[in-house]
Amino acid sequence: MQQGQPPISQRLYGMGFIFVVLSMIMFIHCCFVLWNWVPKLWRSDAIAVLLVYHFFFLNLLASFFQCVITDPGMVPPNWGFYMGDETKR
């Protein structure tokens with residue numbers, strides 16, 4: 001049995017959560033990069049730190065979008081306990 005799309009209000013609440021999380025991630029990213037490392041950009045250690053940081057930052061974004069896009073699945077139809085069922089599961 002396939003379920004249809006969730007109601008529009010549920011989808012909008014989910015998009016709001018995604019927007020809040022992405023806003024927090026981008027704010028922290030901008031604070032770290034723009035305020036801490038851009039003034040020191042012409043030093044070689046700053047470039048190395050930014051390269052490593054952006055590698056991990058892109059992995060964070062890829063993992064976040066994969067979590068958002070992945071279907072959470074559903075409970076199997078015959079899962080659960082029944083009244084009077086003596087089977088220990």
Side-chain angles (χ1 to χ4, degrees):
M1 172 190 301
Q2 290 288 338
Q3 289 182 331
Q5 291 286 335
I8 298 296
S9 61
Q10 286 181 345
R11 293 179 63 199
L12 288 178
Y13 288 137
M15 293 295 176
F17 173 74
I18 292 169
F19 177 74
V20 167
V21 171
L22 280 178
S23 298
M24 290 171 51
I25 290 172
M26 292 309 294
F27 176 75
I28 293 169
H29 171 72
C30 289
C31 288
F32 180 76
V33 172
L34 296 178
W35 292 344
N36 291 333
W37 290 102
V38 168
K40 307 171 192 172
L41 191 59
W42 302 112
R43 295 183 0 202
S44 62
D45 61 339
I47 294 172
V49 167
L50 284 176
L51 285 175
V52 172
Y53 171 77
H54 278 92
F55 171 76
F56 286 114
F57 181 72
L58 292 176
N59 281 329
L60 169 78
L61 289 180
S63 298
F64 179 74
F65 283 119
Q66 187 176 5
C67 289
V68 168
I69 293 172
T70 302
D71 182 31
M74 54 189 261
V75 177
N78 294 328
W79 184 88
F81 298 103
Y82 299 101
M83 296 298 287
D85 188 11
E86 295 298 325
T87 306
K88 305 293 186 215
R89 297 182 194 190

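Predicted model, so just to flag it, every value in this text is computed and none were measured.
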Review point. Looking only at heavy atoms, which two atoms of Ile47 and Leu41 are closest? And how far apart?
Key: CG1-O, 3.4 Å

Study note, to complete from the structure: CZ of Phe64 to CD1 of Ile69, rounded to nearest 0.5 Å, is 10.0 Å

Group every Ile, Leu, Val, Met, Phe, Trp and Tyr by side-chain heavy-atom contacts under 4.5 Å, then state whether [X] and [Y] land in the same group.
X: Phe19; Y: Phe17; value: no
X: Val52; Y: Trp37; value: no
X: Phe57; Y: Val38; value: yes
X: Leu60; Y: Leu58; value: no
X: Ile28; Y: Val21; value: no

Practice item. Please step through side chain to side chain contact (heavy atoms under 4.5 Å, CB included) for the pair Phe65 and Leu22, ending with a clear verdict. Key: CA-CA 10 Å; Phe65 283 119; Leu22 280 178; 4.1 Å; yes

Review point. Hey, are the side chains of Val33 and His54 touching, using non-hydrogen atoms and a 4.5 Å cut-off?
Key: yes

Check your understanding: Is the Tyr53 ring parallel, tilted or perpendicular to the His29 ring (thresholds 30°, 60°)?
Key -> parallel

